[in-house]
Novice: 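Below you'll find the structure I mean.
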Amino acid sequence: MPFVLPDSVRGFHDYFKLTAIPKQLTEAFGYGFAVDHLALPRSNEELLWLPSLQERLDYSLRHFGFGTETPRREFVIAPILSEAARHVHAEIFSEFPLHISQQLKGTLDYLMQSEQNLIVIEAKQADTARGFSQLCAELIAVDQWMDSDATVLYGAVSIGDMWRFGCLNRLEKQIVQDVNGFLIPAETERLVRVLIAILRGL
């Protein structure tokens with residue numbers, strides 16, 4: 001049976017609960033979908049605070065319990081985003097409300113705004129596959145909401161110690177899920193440099 005969009009959702013998190021894969025979901029909204037190697041931008045600037053962040057994350061992952069989503073958000077995801085935002089003087093909004101239609105509404109876990117917008121969601125139940133379906137819905141909503149000439153919109157799904165990016169080409173109406181992921185703490189520097197480059201619009 002083909003996937004049919006619900007007439008209404010309570011929030012973007014409802015797309016996490018659906019059984020539809022990202023391709024079915026995006027096509028239902030009139031967007032394309034693919035999984036490929038994303039050529040993510042990377043900043044080469046000096047980051048004197050990075051060792052301190054690395055040490056903080058390493059300690060958190062070794063000593064704090066991560067049986068629920070709150071510790072992952074507070075001790076891993078939020079510190080990474082706040083340091084990247086502080087470095088580029090970006091605005092960062094948590095639980096940002098957005099209502100495009102009855103099918104595209106809810107709150108964005110994190111919306112970061114600078115030269116380029118970036119959406120980050122925390123995948124519930126540590127399930128990045130279904131989390132990416134939710135990210136697709138949020139990318140489509142932000143695409144329709146943004147009054148900007150930007151041709152690309154980035155998003156990421158995180159479960160704390162693993163991050164995966166997606167990119168929406170606004171002209172082609174195509175979302176690409178990166179086949180690669182970032183493991184924390186081993187790839188903290190690589191992740192941070194990508195976040196900074198995206199926010200700088202590189």
Side-chain angles (χ1 to χ4, degrees), residues 11-13 16 38 40-43 45-57 60-61 64 66 68-100 104-124 128 131-132 134-150 152-168 170 175 178 181-182 184-185 187-202:
F12 294 116
H13 59 275
F16 176 89
L38 277 181
L40 294 168
R42 185 180 188 277
S43 167
E45 58 201 273
E46 188 174 28
L47 306 175
L48 296 177
W49 46 266
L50 189 60
S52 176
L53 173 64
Q54 180 80 55
E55 182 180 354
R56 179 180 176 186
L57 296 174
S60 296
L61 289 167
F64 297 158
F66 288 91
T68 63
E69 291 141 9
T70 302
R72 288 196 297 269
R73 180 173 62 248
E74 292 183 356
F75 298 115
V76 182
I77 298 173
I80 292 173
L81 296 182
S82 62
E83 287 297 330
R86 183 178 63 86
H87 184 78
V88 301
H89 305 290
E91 291 188 274
I92 180 168
F93 303 93
S94 178
E95 300 298 320
F96 183 82
L98 194 61
H99 189 129
I100 304 301
L104 291 172
K105 63 182 180 181
T107 58
L108 311 177
D109 287 354
Y110 296 99
L111 172 64
M112 305 178 74
Q113 293 185 319
S114 186
E115 297 301 317
Q116 172 74 263
N117 285 347
L118 172 66
I119 305 165
V120 178
I121 73 164
E122 174 200 355
K124 309 305 180 190
T128 57
F132 209 89
Q134 179 181 338
L135 178 64
C136 286
E138 294 188 11
L139 283 170
I140 291 169
V142 172
D143 176 40
Q144 296 181 16
W145 167 70
M146 277 177 51
D147 182 17
S148 166
D149 293 332
V152 174
L153 179 61
Y154 288 97
V157 176
S158 174
I159 58 172
D161 59 355
M162 205 285 283
W163 296 58
R164 190 176 304 278
F165 282 86
C167 175
L168 190 158
R170 302 182 71 200
I175 294 176
D178 195 0
F182 294 77
I184 305 301
E187 297 177 294
T188 301
E189 179 176 355
R190 182 168 160 253
L191 170 65
V192 167
R193 291 190 178 281
V194 168
L195 292 171
I196 289 172
I198 288 173
L199 292 170
R200 288 206 187 282
L202 300 180

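The figures that follow rest on heavy atoms only: side chains count, while hydrogens, waters and symmetry mates do not.
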Novice: Restricting to non-hydrogen atoms, name the atom on Ala90 and the atom on Leu199 that form the minimum distance, rounded to 0.1 Å.
Specialist: CB-CD1, 4.3 Å
Novice: Which residue, Leu40, Ile119, Leu139, Asn117, forms the side-chain contact (heavy atoms from CB on, under 4.5 Å) with Tyr154?
Specialist: Leu40
Novice: Using a 3.5 Å distance criterion without hydrogens, assess whether the side chain of Ser114 forms a donor-acceptor pair with backbone atoms of Gln116.
Specialist: no
Novice: Within the structure provided, determine whether Arg193 and Leu47 are in side-chain contact (heavy-atom separation under 4.5 Å).
Specialist: yes
Novice: To the nearest 0.5 Å, tell me how far Ile77 CD1 sits from Asp109 CG.
Specialist: 8.0 Å
Novice: Identify the two heavy atoms, one from Glu138 and one from Leu108, that lie closest to each other, and give their separation to 0.1 Å.
Specialist: OE1-CD2, 3.4 Å
Novice: Between Leu38 and Phe165, which heavy-atom pair has the shortest distance, and what is it?
Specialist: CD1-O, 4.1 Å
Novice: Hey, does the side chain of Arg170 reach the backbone of Ala150 with a donor-acceptor pair shorter than 3.5 angstrom?
Specialist: yes
Novice: Are the side chain of Thr188 and the backbone N or O of Pro185 linked by a donor-acceptor pair below 3.5 Å?
Specialist: yes
Novice: With Arg200, which residues qualify under side-chain contact (heavy atoms from CB on, under 4.5 Å), at least two apart?
Specialist: Glu45, His87, Val88, Ile196, Leu202
Novice: For Ala84 versus Trp49, what's the shortest heavy-atom pair and its separation?
Specialist: N-CH2, 4.5 Å
Novice: For residues Val194 and Phe182, determine if any side-chain heavy atom of one lies less than 4.5 Å from a side-chain heavy atom of the other.
Specialist: yes
Novice: Using only atom types and a distance under 3.5 Å, with no angle test, would you say the side chain of Ser60 pairs donor to acceptor with the backbone of Arg56?
Specialist: yes
Novice: Rounded to the nearest 0.5 Å, what separation is found between the CD1 atom of Ile140 and the CD1 atom of Ile175?
Specialist: 4.5 Å
Novice: Looking at Ala123 and Gly131, what are the two nearest heavy atoms and their distance?
Specialist: CB-CA, 4.2 Å
Novice: Looking only at heavy atoms, what is the nearest atom pair of Ala137 and Leu104, with distance?
Specialist: O-CD2, 3.5 Å
Novice: Give a yes or no answer on whether the side chain of Arg164 reaches the backbone of Asp178 with a donor-acceptor pair at less than 3.5 Å.
Specialist: yes
Novice: Check the surroundings of atom CD in Gln144: do more than 12 heavy atoms from other residues, nucleotides or ligands lie under 6.0 Å from it?
Specialist: yes
Novice: Within the 4.5 Å heavy-atom criterion, are Tyr110 and Leu118 side-chain neighbours or not?
Specialist: no
Novice: Rounded at 0.5 Å granularity, tell me how far CG in Leu168 sits from CG in Asp143.
Specialist: 5.0 Å
